[in-house]
Amino acid sequence: MMPKKPANPTAKLSVAARAVEANRRLAATYPEARCALDHQSPLELLVATILSAQCTDARVNIVTRELFRRYRTAAEYAASDPAELEELVRSTGFYRNKAKHIREACSLLVRDFGGELPRTMEELLTLPGVARKTANVVLGTAFGIASGVVVDTHVGRITGLLGLTRQTDPVKIEAGLERLLPRDQWIPFSHRVILHGRAVCIARRPACARCVLADICPSRQD
DNA sequence: ATCCCGAGGG
DNA sequence: CCCTCTGGAT
């Protein structure tokens, strides 16, 4: 008999099959996966998501606790004192841009949408500081509309490591993932990958030894 | 491609 | 010190 060689499932799975299998395992591993940004309304989720750029969700949640107490409506954000808003969001980084985006987006919400959040990608993209990632979060989590996969830094990194995409442009990554996964999995998949990125497949030091995807991951490090 | 920008981990 | 954190606009 030939000595038994270690199986190499990576080579046997098509990209599509690997995407589905990865999602299946992540679903089993993180049954509780959901949006980790604290919020009680679509507006609060929009603000939290704008603040989440290049910042941990834990930090965003610390900041929004006070922020949401101070401002309740789009009109209140729009009328806020710029310096005061900047100070409240300061610790999330990029604080001048973020404060400006919140103020300007809320002004536009008041002017064009009656102070409410619109429910289409096209309309959300008219808001300053809102691109596809933020719009997909708001549509998917606040409104239950599976508009697209949320491609943040974790989803971009991990889907690349898994060989689910060769793209680096988040819009192209998103389009590819949406061809690999059924629509009703787009948002849950995003949340699971983000959790996995925080807990196991950490950017600085991926913990492949305790990763449920290690045997189907082309980038596994031993 | 570059800028915005604070906080925490190694 | 360097890298990364649920990006977006110019």
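Keep in mind that what you see is a predicted model, and the values were worked out from it rather than measured. Numbered from 1 within each chain, the chains take letters A, B, ... in sequence-line order.
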Value in whole Å for how far the [atom2] atom of [N] lies from [atom1] of [X]:
X      : N     : atom1 : atom2 : value
A:K172 : C:dG7 : NZ    : P     : 20 Å
A:I173 : C:dG8 : CD1   : P     : 13 Å
A:H196 : C:dT6 : NE2   : P     : 15 Å
A:I50  : C:dT6 : CD1   : P     : 17 Å
A:I158 : C:dC5 : CD1   : C1'   : 13 Å
A:E87  : B:dC5 : CD    : P     : 13 Å
A:L124 : C:dG8 : CG    : C1'   : 15 Å
A:Q54  : C:dG7 : CD    : P     : 5 Å

Side-chain donor or acceptor of [X] paired with backbone N/O of [Y] under 3.5 Å:
X      : Y      : answer
A:N136 : A:G148 : yes
A:R183 : A:A146 : yes
A:K98  : A:V89  : no
A:D57  : A:L37  : no
A:E44  : A:Q40  : yes

> When the P atoms of B:dA7 and C:dG8 are considered, how many whole Å apart are they?
Replying inline: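 Roughly 22 Å separates the two P atoms.
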
>> Taking B:dA1 as the reference, what is the distance to C:dT6 when you measure between their P atoms (whole Å, please)?
In response: 25 Å

Base, sugar-phosphate, or nothing: which does [X] touch, judged by heavy atoms less than 4.0 Å apart?
X      : result
A:A58  : nothing
A:V130 : sugar-phosphate
A:P128 : sugar-phosphate

> Taking the side chain of A:A53 as its heavy atoms from C-beta onward, which of C:dT6, C:dG7, C:dC5 lies nearest to it?
Replying inline: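 Out of C:dT6, C:dG7, C:dC5, the nucleotide with an atom closest to A:A53's side chain is C:dG7.
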
> Nearest to the side chain of A:T153 - B:dG8, C:dC5, C:dG8?
Replying inline: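 Selected nucleotide (nearest to the side chain): C:dC5.
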
> Applying ring-ring contact (aromatic ring centres under 6.0 Å, His included), which residue pairs with at least one partner in residues 72-120 of chain A are found, sequence neighbours left out?
Replying inline: A:Y71-A:Y77

Please state whether the phosphate of [N], meaning OP1 or OP2, lies under 4.0 angstrom from any side-chain nitrogen or oxygen of [X].
X      : N      : answer
A:R205 : B:dG10 : no
A:R157 : C:dC5  : yes
A:T134 : C:dG8  : yes

Is [Y] paired with [X] through a side-chain N to carboxylate O contact shorter than 4.0 Å?
X     : Y      : answer
A:R25 : A:D215 : yes
A:E21 : A:R24  : yes
A:E84 : A:R70  : yes

>> Between A:A203 and A:A131, which residue's closest nucleotide on DNA chain C lies nearer the 5′ terminus?
In response: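 Going by which nucleotide is closer to the 5' end, it is A:A203.
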
> By a strict heavy-atom criterion of less than 4.0 Å, which residues belonging to residues 88-101 of chain A are in contact with DNA chain C?
Replying inline: A:F94, A:H101

>> Does A:E123 have more than 12 heavy atoms from other residues, nucleotides or ligands lying within 6.0 Å of its CD?
In response: yes

> Want to know the stems of DNA chain B: at least 3 consecutive Watson-Crick or G-U pairs with distances under 3.5 Å, which are they?
Replying inline: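 The stems are B:1-4 with C:7-10, B:6-10 with C:1-5.
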
